[in-house]
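These notes concern the structure reproduced below.
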Amino acid sequence: TTLFRSQAALAASRGDAARARALLRGRQATHGWEVETDLTLFLLHAYAMVMIGEDVVAVESATRRRLLSARWGDRQDEVAVLALLDASVQLLRMRPDVAFTSLQIPRIAPPESLRIWFDALRAVAFIARGDLVHAAEALERVDAVSTDWACARFAVLRETVCARFEVANRRLDAAVARADRAIPLAERRMPILLPSLLGVLVDAGVPLA
């Protein structure tokens with residue numbers, strides 16, 4: 001089961017939505033959201049769905065049910081990862097205010113391995129809301145992270161978020177420079193961010209083939 005879910009998530013991260021969709025639908029034909037007891041498997045499944053934009057509303061509903069259960073049981077490690085997932089879904093649905101609410105759910109500070117992603121999502125949410133002052137503060141914490149963290153994948157996310165910040169500030173040359181630097185690394189490390197980086201170029205007025 002773990003191998004199956006990993007294959008679906010890997011296909012999604014590589015941008016192969018058709019394969020990811022086929023794997024996930026095959027699983028859902030026999031296993032629904034409600035009967036998945038393993039949190040890791042649930043997260044792999046859910047993030048694969050988020051990456052390909054498949055049934056995002058269903059992912060949101062299932063995540064919130066699990067989040068409510070984790071909060072009721074005071075399982076704070078689960079609360080942190082589920083809050084992060086829910087915030088990701090809310091940003092995908094262009095609801096930054098709801099994403100902020102999700103990020104504020106954990107009762108205790110998330111572990112360092114998650115706190116970095118919380119800061120990145122906060123920055124994205126601030127940018128989406130047009131609050132560039134607080135976005136800049138969040139980006140300062142993001143910039144403090146080593147470029148090698150998470151096998152250099154975080155560096156791609158950081159450049160993507162910073163490029164979006166530059167677009168919001170109308171510093172278009174800087175945005176293009178960041179996107180151009182990040183695209184080759186994204187192709188190797190995080191293909192799922194390529195559409196966002198191309199979106200930065202489009203918003204900066206760069207004609208694309």
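Numbers for residues simply follow the sequence, beginning at 1. Here the structure is a predicted model, which is why all the values come from computation and not from measurement.
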Could you tell me which residues satisfy side-chain contact (heavy atoms from CB on, under 4.5 Å) with [X], sequence neighbours excluded, listed by chain and number?
X	answer
Asp173	none
Val98	Arg64, Gln90, Arg95
Ala109	Arg115
Leu208	Leu198, Leu201, Val202, Val206

Next on the checklist: We want to know whether Arg164 and Thr160 form a side-chain donor-acceptor pair, criterion being a heavy-atom distance below 3.5 angstrom.
Outcome noted: no
List the residues meeting side-chain hydrogen bond (donor to acceptor under 3.5 Å, both in side chains) with [X], not counting sequence neighbours, and say none if there are none.
X	answer
Glu187	none
Arg170	none
Thr101	none

Item to check | For Asp119, salt bridge (charged side-chain N to carboxylate O under 4.0 Å, His left out) partners two or more places apart | outcome: Arg122, Arg141
Item to check | Partner residues of Arg188 under the salt bridge (charged side-chain N to carboxylate O under 4.0 Å, His left out) criterion, sequence neighbours left out | outcome: none
Atom [atom1] in [X], atom [atom2] in [Y]: separation rounded to 0.5 Å?
X	Y	atom1	atom2	result
Cys162	Asn169	SG	CG	11.0 Å
Leu121	Ile116	CG	CD1	12.5 Å
Leu82	Leu39	CG	CG	5.5 Å

Checklist entry - Stepwise, does the side chain to side chain contact (heavy atoms under 4.5 Å, CB included) test hold for Val79 with Asp74? => result CA-CA 8 Å; Val79 168; Asp74 199 26; over 6 Å; no
Item to check | Exam field: side chain Gln76 to backbone Arg107, donor-acceptor pair closer than 3.5 Å | outcome: yes
Under 3.5 Å donor-acceptor pairs involving side-chain atoms of residues 124-133, not counting sequence neighbours:
from   : atom 1 : to     : atom 2 : distance (Å)
Arg129 : NH1    : Asp97  : OD1    : 2.9
Asp131 : OD1    : His134 : N      : 3.2
Asp131 : OD1    : His134 : ND1    : 3.2
Asp131 : OD2    : His134 : ND1    : 2.8

Next on the checklist: Test question: given the 4.5 Å side-chain rule for I, L, V, M, F, W and Y, name all other residues clustered with Val167, or answer none.
Outcome noted: Val200
Checklist entry - Would Ser88 and Tyr47 satisfy side chain to side chain contact (heavy atoms under 4.5 Å, CB included), going step by step from the backbone distance to the final call? => result CA-CA 9 Å; Ser88 301; Tyr47 270 113; 3.7 Å; yes
Which atom pairs, donor and acceptor, lie under 3.5 Å between side-chain atoms of residues 175-183 and protein residues at least two apart or in another chain?
from   : atom 1 : to     : atom 2 : distance (Å)
Arg178 : NH1    : Glu159 : OE1    : 3.4
Arg178 : NH1    : Glu159 : OE2    : 2.8
Arg181 : NH2    : Glu159 : OE1    : 3.2

Next on the checklist: Please evaluate residues Leu67 and Ile105 with respect to the criterion side chain to side chain contact (heavy atoms under 4.5 Å, CB included), reporting the C-alpha separation (whole Å), side-chain torsions for both, the decisive distance (0.1 Å), and the verdict.
Outcome noted: CA-CA 9 Å; Leu67 186 52; Ile105 287 174; 3.5 Å; yes
